[in-house]
Amino acid sequence: MNKANRFFSTASPHFESLLRKYSASNSLSETKKIHALIITYGLFSSSQLCSKLATTYAQCHHVSYASQLFDKLPKRTLFSCNTMMRMYVQMGRPRDALNMFVEMFRSGRCLPDNFTYPIVIKACSELLFVDMGVGVHGQTIKAGFDLDTFVQNSLLAMYMIAREKEAAQLVFDLMEEPTVVSWNTLINGYFRNNCAEEALRVYSRMMDEGVGPDCATVVSVLQACGVLKNVELGREVHALALEKGFWGNVVVRNALLDMYVKCGQMKEAQLLLNGMNEKDVVTWTTLINGYVVNGDARSALMLCRMMQLEGVKPNLVSVASLLSACGDLVSLKHGKCLHAWAIRKDLDSEVVVETALIDMYAKCNDSNLSYKVFMKTSKKRTAPWNAVLSGFVHNRLARNAIQLFKQMLVENVRPDSPTFNSLLPAYAILADLKQAMNIHCYLIRFGFLCKLEVASMLVDIYSKCGSLGYAHQIFDIIPPKDKDIIIWSVIIAAYGKHGHGEMAVSLFNQMVQSGEKPNEVTFTSVLHACSHAGLVDEGLSLFNFMLKKYQVIPRVDHYTCIVDLLGRAGRLNDAYNLIITMPIAHNHAVWGALLGACVIHENVELGEVAARWTFELEPENTGNYVLLSKLYSSVGRWRDAENVRDMVNEVGLRKLPARSLVEVSNM
DNA sequence: GTAGGGTTAG
């Protein structure tokens, strides 16, 4: 026995206990010291020591040392295999974990145990290898681990990630003793699969069965409350969280804040934040983003200052939200400041920030700068393309948007649903039937037409192109149960715009019969359709229906439709009386509708009243002057007509510089 | 040594 081996026999237990200690603290530097000692004293002959060293490196997430040492091991224990596979999964290399599992299974050297399966199942779910996952599920049954809670919970999570809700529910139903983790996985799984109602039903069952919720339960349930805007349950969960002592958990606090934000309860959200002693960057960002989403960009910017005063630094998510606030305020100045700040903090090449910058410049009507930022991006990710497309459409540069989309396809960037949400309005602006048919073919070929939003926009495009037939065909493709209020509104508006009032009203009735509750927008569309087609009685009865049955508070555009309707039918006095008695402020549109009707029916007396109001409320619109002039001409008051025409010229001259600026910026 | 949780662009 040489000197080194003699040393080893006495030193080995010592090293092992050291390794155990350091692996517990995950101290990479200490493990390296032990490694160095093993090399110095030539102790590699101890497979036990080497195995321990390899697993310690794996626990420290040092992939290269762990795998090098592991590969050299003469005998692999099940423990070391499990540890290696866990390291691979935790380090985002699930494929390596699965390769190891397959090799381990084939060689038959060691059989997987109850610790192996959760790791392997997690690797399958990360790779979305459902088929393999199902195979592994079969193996767990064969090996008798099907009643192991950890294995079952992993399977449950895997099926939920793979969007196999039924399979997940089956796993859950077969569990003898579901733990709080099982319930949480089910609740969160339903939530992530867009079934927030089901998530809440599961939560209520869990409470009925007397299972004590934990922080994870509360967080998932709050998310579901946010999506469903169920602030009542949200408040209950808030009380429960306080009662159970979860308030100390920052994740719970942030989830509570986000629930109030999502429910649009900004006052409660602000109060909650005011009452928090410890606020992290997520807390602040949640509220900042809340203000942006709820249309109060100014408060979002103010909050950013308060956050910095409290010494919390914004991160890239905060910056993206703040840039969005600048876009909403059309504040190029603030936007540029944030851009400069992002450059200084080296955040400007993060995709989220790049996208937000492109969007901000576009919303501030600076297509040039928006495009410049886009040109600096790697152009490999879809999001910046979507932002620049949406920016072009925002600035009505429809042709540029379509051209850019074609470029995107040339560069092999995969479009997603938001791409079409950004792009399709360009086709509606262009109203070119041939182009519309082109994109229609593309949408069919790549399976995007099954998306309701996309189908709704295509209905709108065909309607704008004047092809009601195609529009209706697309509308019919969507199964009745899937039709939402938006697609109904679009088709009703389409018929209305083309003067097919009866059809619009009939579709509206079909919609009500189908159980869809009409909203302000559908009422506007159908009333508009009635006024265009001269359906006075239908229009008036729908207006009454809206007030009585649905108790919708009429907006000014509803009144405009009714004024138009009465006016076109020659009931000018009724129209006038409606305007002066309406409970909300009148605007240029209501008076404009009356003026138009007065021109048709040659009523100078009321026409002059209406015209005066339109000049007051909308002095720059030359159309109103033209209408009054036309009215005077039609009754032979030529001089008055000429005087009004002169006013048109004056207004037109005042408008000229503004219009030419728009043209220049579009070049 | 195993399973579940928060903010983000379009």
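Residue numbers start from 1 in every chain, and the chains themselves are labelled A, B, ... in the order their sequence lines are given, proteins ahead of strands.
Side chains of Q169(A) and D173(A): a donor-acceptor N/O pair is present below 3.5 angstrom, by distance only. In this structure, a donor-acceptor pair under 3.5 Å is absent between the side chains of E197(A) and Y190(A). Remark: the D258(A) side chain and the N289(A) side chain contain no N/O donor-acceptor pair separated by less than 3.5 Å. Side-chain contact check for S370(A) and S367(A): no donor-acceptor pair (N or O, by modelled atom type) lies under 3.5 Å. R192(A) and N188(A) are linked by a side-chain donor-acceptor pair at a separation below 3.5 angstrom, with hydrogens and angles left out of the test. Side-chain polar atoms of N395(A) and N400(A) form no donor-acceptor pair below 3.5 angstrom.
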Report task. Walk me through it: do V151(A) and D146(A) pass the test side chain to side chain contact (heavy atoms under 4.5 Å, CB included)? Result -> CA-CA 7 Å; V151(A) 173; D146(A) 53 323; over 6 Å; no

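The separation between F145(A) atom CZ and dA3(B) atom P is 16 Å, rounded to whole Å. At whole-Å resolution of the value, CE in M158(A) and C1' in dT2(B) are 16 Å apart. Atom-to-atom, CG of N114(A) to P of dT2(B) comes out at 12 Å; the value is rounded to the nearest Å. In this structure, L156(A) atom CG and dG4(B) atom C1' are separated by 9 Å, rounded to whole Å. Across the protein-nucleic acid pair, E453(A) atom CD and dG10(B) atom P stand 14 Å apart, rounded to whole Å. Between M87(A) atom CE and dG1(B) atom P the separation is 17 Å, expressed in whole Å. In this structure, OH of Y291(A) is placed 16 Å from P of dT8(B), rounded to the nearest angstrom. Note: CD1 (I161(A)) to P (dA3(B)) measures 11 Å, nearest angstrom.
Heavy atoms of E354(A) sit nowhere under 4.0 angstrom from any nucleic acid atom. Within 4.0 Å (heavy atoms only), T217(A) reaches no atom of the nucleic acid at all. Using a 4.0 Å heavy-atom distance criterion, R253(A) is classed as making no nucleic acid contact. Using a 4.0 Å heavy-atom cutoff across all strands shown, N421(A) reaches no nucleic acid atom at all. Across all strands shown, R381(A) has no heavy atoms under 4.0 Å from either base or sugar-phosphate atoms. Within the nucleic acid shown, A383(A) comes within 4.0 Å of at least one base atom, counting heavy atoms only.
Judged by distance alone with a 3.5 Å cut-off, no donor-acceptor contact links the side chain of D214(A) to the base of dG5(B).
Among dG5(B), dT7(B), dG1(B), the nucleotide with an atom closest to any side-chain atom of K262(A) is dT7(B). Looking at the side chain of S154(A), the nearest of the listed nucleotides dA3(B), dG5(B), dG4(B) is dA3(B). Comparing dT7(B), dG10(B), dG1(B) by their nearest atom to the side chain of D113(A) picks out dG1(B). The side chain of F150(A) has dA3(B) as its nearest neighbour among dA3(B), dA9(B), dG1(B). Considering only the side chain of S390(A), dG10(B) comes nearest among dG5(B), dG4(B), dG10(B). Of the listed nucleotides (dT8(B), dG5(B), dG10(B)), dG5(B) has the atom at the smallest distance from the side chain of V219(A). If you check dG1(B), dG10(B), dG5(B) against the side chain of Q223(A), the one that comes closest is dG5(B). When the nucleotides dG10(B), dT7(B), dA3(B) are ranked by their closest atom to the side chain of V181(A), dA3(B) comes out on top. Closest to the K122(A) side chain, of the nucleotides dT7(B), dG10(B), dA3(B), is dA3(B). In the set dA3(B), dG10(B), dG5(B), dG5(B) carries the atom at the smallest distance from any side-chain atom of N249(A).
The shortest distance between the side-chain N/O atoms of N82(A) and the OP1/OP2 oxygens of dG1(B) is not below 4.0 Å.
Under the stacking criterion of a centre-to-centre distance below 5.5 angstrom and an interplanar angle below 30°, F115(A) is not stacked against the six-membered ring of dT2(B).
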